[in-house]
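I have placed the structure first, in the form of structure tokens, so that the comments after it can refer back to it.
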Amino acid sequence: MYKRFFDAAGDVRLVSSGRGKLMDVNQAGVELFGYCSKEELLGLENVCSLFSNPGDGSQFEQKLQSEGVVKEYEVELKKKDGTVFSGSITATLALEEDGVVSWEGALRDISWLKELQESYLKAERQNRKLSESERRIRELNQHILNMLMIMSHDIRGPLVSIAATLKLLLRGSFGRMDESVWNTVSDLMGRVGNLIGIAQDCLGSAHSVESELLKKRDVIDLRQDIVDAVLDEVSDDIEERQIVIDNRLGAIPAGTIPIGADMVWLKAVFRNLFKNAIKYGGKGCRIAFGFEDHDSFYRLNVYNSGNPVPEECRSKLFTKFAHIDDVAETKDGFGMGLYLIREIIRKHEGDMWYESRDDGSDFVFILPKKRVNS
């Protein structure tokens with residue numbers, strides 16, 4: 001019965017004398033080592049000749065004789081045609097009744113396991129290289145973002161000072177100007193205002209890509225500090241396109257209100273929404289903005305008359321890589337686009353969405369009320 005089990009075993013079974021002479025092997029061993037018959041395999045002078053390096057065979061036998069049992073001993077073995085493969089041997093030393101020492105073992109071909117391990121290690125090395133590359137890229141991006149924020153901040157400061165001086169000139173603080181000079185200064189004032197808006201949008205883009213926003217919460221005059229300021233920036237476009245500004249959707253309260261957003265970010269939101277409304281509302285359109293005070297949040301919106309965004313394009317409005325010509329997203333200047341605008345609002349614990357109207361488009365967003373620390 002044992003002999004039948006030995007011969008029929010799926011893995012390689014072999015028996016060797018204590019002197020290294022192969023005494024028996026099953027059919028699986030004959031096939032694995034590539035011999036024509038059991039007799040040919042048993043004809044080998046020493047079992048060590050099955051090892052790729054005969055010295056490894058000697059070390060295996062010494063270990064077996066000293067310990068009596070060897071489990072999962074990994075070694076490189078050699079087939080008849082010289083092909084080398086990885087094997088794992090589990091063997092037990094035996095002492096026959098006549099005092100003859102022998103050992104019996106089972107052998108498994110683990111070449112596939114070695115290949116799998118090597119592939120895993122190779123993948124690990126590649127992953128480490130990719131991780132290192134990603135780390136360097138993140139550091140580079142961070143450096144670029146920091147440079148962008150610093151540059152935008154440094155540019156914005158002098159532009160604000162220039163705008164303040166131009167306002168004084170327009171108000172006659174330095175004397176009366178001829179009409180042509182006044183018009184030139186007024187045009188310059190508009191251009192400076194647009195540059196300030198671009199600088200603020202660059203700051204907003206940098207912080208949004210970085211996935212961080214300032215935690216500052218402002219008490220602001222929404223109408224004067226935000227809406228009117230942004231409308232002043234785009235006043236030339238409004239006048240050129242003969243656009244009507246209508247604030248009947250909801251009166252903005254006079255004075256300051258506590259709001260859960262920094263003034264720079266809120267101006268960036270309104271700036272982009274007004275630019276969108278001007279661009280896609282078209283010549284002679286009507287633009288309206290609204291405000292509602294709810295229990296825990298403010299509801300704000302910017303509306304423009306004209307054709308609504310096609311229904312098949314609405315799902316793309318706030319996606320990161322939406323095609324600008326397919327959806328209502330500004331491409332003028334350095335506008336952040338609807339995706340980044342909504343990201344700004346969401347990072348301020350609010351939300352934004354699009355509502356279609358029969359005669360136009362309405363972009364609505366909410367911002368939480370916040371108790372501002374003094």
Side-chain angles (χ1 to χ4, degrees), residues 141 194 197-198 200-202 204-211 213 226-227 230-231 233-234 236-250 260-261 265-292 294 297-368:
N141 287 341
N194 285 333
I198 291 173
Q200 289 179 337
D201 276 356
C202 286
S205 296
H207 278 294
S208 296
V209 171
E210 193 182 22
S211 297
L213 288 172
I226 305 297
V227 175
V230 174
L231 287 175
E233 293 179 18
V234 297
D236 288 345
D237 289 335
I238 291 173
E239 182 177 353
E240 179 182 349
R241 302 193 183 199
Q242 300 175 5
I243 294 172
V244 177
I245 302 297
D246 182 358
N247 65 350
R248 291 178 296 175
L249 288 181
W265 310 121
L266 197 53
K267 286 184 73 174
V269 171
F270 271 101
R271 181 180 300 111
N272 279 267
L273 291 180
F274 277 133
K275 284 183 176 181
N276 277 342
I278 292 170
K279 177 178 177 61
Y280 292 97
K283 187 174 182 179
C285 76
R286 181 169 61 93
I287 294 177
F289 50 90
F291 172 90
E292 296 176 6
H294 294 265
F297 64 90
Y298 300 112
R299 184 184 189 275
L300 304 103
N301 71 298
V302 172
Y303 159 89
N304 66 269
S305 62
N307 295 325
V309 175
E311 186 172 357
E312 64 273 14
C313 296
R314 293 170 193 171
S315 62
K316 303 177 184 178
L317 278 171
F318 299 100
T319 54
K320 192 170 186 178
F321 299 108
H323 194 282
I324 292 176
D325 290 335
D326 290 338
V327 297
E329 187 171 352
T330 180
K331 65 178 179 180
D332 296 331
F334 292 88
M336 289 179 291
L338 294 174
Y339 168 78
L340 289 178
I341 290 176
R342 188 170 67 171
E343 286 300 296
I344 288 175
I345 293 172
R346 286 182 170 177
K347 287 184 176 72
H348 283 95
E349 302 172 24
D351 203 359
M352 182 180 190
W353 62 90
Y354 171 80
E355 293 182 0
S356 175
R357 305 296 183 190
D358 292 338
D359 59 346
S361 296
D362 201 9
F363 287 90
V364 182
F365 63 99
I366 58 175
L367 286 171

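Just so it is clear, the structure is predicted and the values come from calculations on it, not from any experiment.
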inquiry  = Go through it in stages, so that I can follow the logic: the residues are Val227 and Phe274, the test is side-chain contact (heavy atoms from CB on, under 4.5 Å), and I'd like the CA-CA distance, side-chain angles, deciding distance and then a yes or no.
reply    = CA-CA 9 Å; Val227 175; Phe274 277 133; 4.2 Å; yes

Stepwise side-chain contact (heavy atoms from CB on, under 4.5 Å) test for Phe289 and Ile245
CA-CA 8 Å; Phe289 50 90; Ile245 302 297; 3.7 Å; yes

Quick check: do Ile238 and Val244 have side-chain heavy atoms less than 4.5 Å from each other? no

State, with a plain yes or no, whether a side-chain heavy atom of Leu338 is found less than 4.5 Å away from one of Asn276. yes

- Counting only N and O atoms by type, is there a donor-acceptor contact under 3.5 Å from the side chain of Ser305 to the main-chain atoms of Arg286? yes

Note: His294 and Glu292 closest approach over all heavy atoms is NE2-OE1, 3.0 Å

The reported gap from CD1 in Ile345 to CD1 in Ile366 (rounded to nearest 0.5 angstrom) is 9.5 Å

Nearest heavy-atom contact between Lys279 and Arg241 is CA-NH1, 3.5 Å

(message) More than 12 heavy atoms of other residues, nucleotides or ligands under 6.0 Å from CD of Glu239: yes or no?
(response) no

Notebook entry, point to check: Quick one: does Arg314's side chain have a donor or acceptor within less than 3.5 Å of a partner on Val309's backbone?
Noted result: yes

- Task: Please report the C-alpha distance between Ile341 and Phe318 in whole Å, then the side-chain angles of each, then the deciding distance to 0.1 Å, and finally whether the side-chain contact (heavy atoms from CB on, under 4.5 Å) criterion is met.
- Result: CA-CA 9 Å; Ile341 290 176; Phe318 299 100; over 6 Å; no

With sequence neighbours left out, the residues meeting side chain to side chain donor-acceptor pair (under 3.5 Å) with Asp236 are none

- More than 12 heavy atoms of other residues, nucleotides or ligands under 6.0 Å from CG of Asp359: is that the case? yes

Taking every heavy atom of Ala277 against every heavy atom of Cys285, the minimum-distance pair comes out as O-SG, 4.1 Å

One should read off an interatomic distance between Ile243 CD1 and Asp237 CG, to the nearest 0.5 angstrom, of 7.5 Å

Here the gap from Glu233 atom CD to Arg271 atom CZ, rounded to the nearest 0.5 Å, amounts to 4.0 Å

Distance col, row Arg342:CZ vs Met352:CE, nearest 0.5 angstrom, shows 8.5 Å

Rounding to 0.5 Å, atoms CG (Leu231) and CD1 (Ile278) come to a distance of 8.0 Å

ask   = Do the side chain of Asn301 and the main chain of Gly290 share a donor and acceptor less than 3.5 angstrom apart?
value = yes

Any luck finding a side-chain donor-acceptor pair between Tyr339 and Thr319 under 3.5 Å?
no

So OH of Tyr303 and OG of Ser361: to nearest 0.5 Å the spacing works out to 8.5 Å

Side chain to side chain donor-acceptor pair (under 3.5 Å) filter on Arg357, not counting sequence neighbours, yields Glu355, Asp362

Could you give me the CA-CA distance, side-chain angles and deciding distance for Asn272 and Phe363, then say whether side-chain contact (heavy atoms from CB on, under 4.5 Å) is met?
CA-CA 11 Å; Asn272 279 267; Phe363 287 90; over 6 Å; no

For a ring pair (Phe, Tyr, Trp, His ring centres under 6.0 Å) check, start with the C-alpha distance between Phe365 and Tyr298, then their side-chain angles and the critical distance, and finish with the verdict.
CA-CA 8 Å; Phe365 63 99; Tyr298 300 112; over 10 Å; no

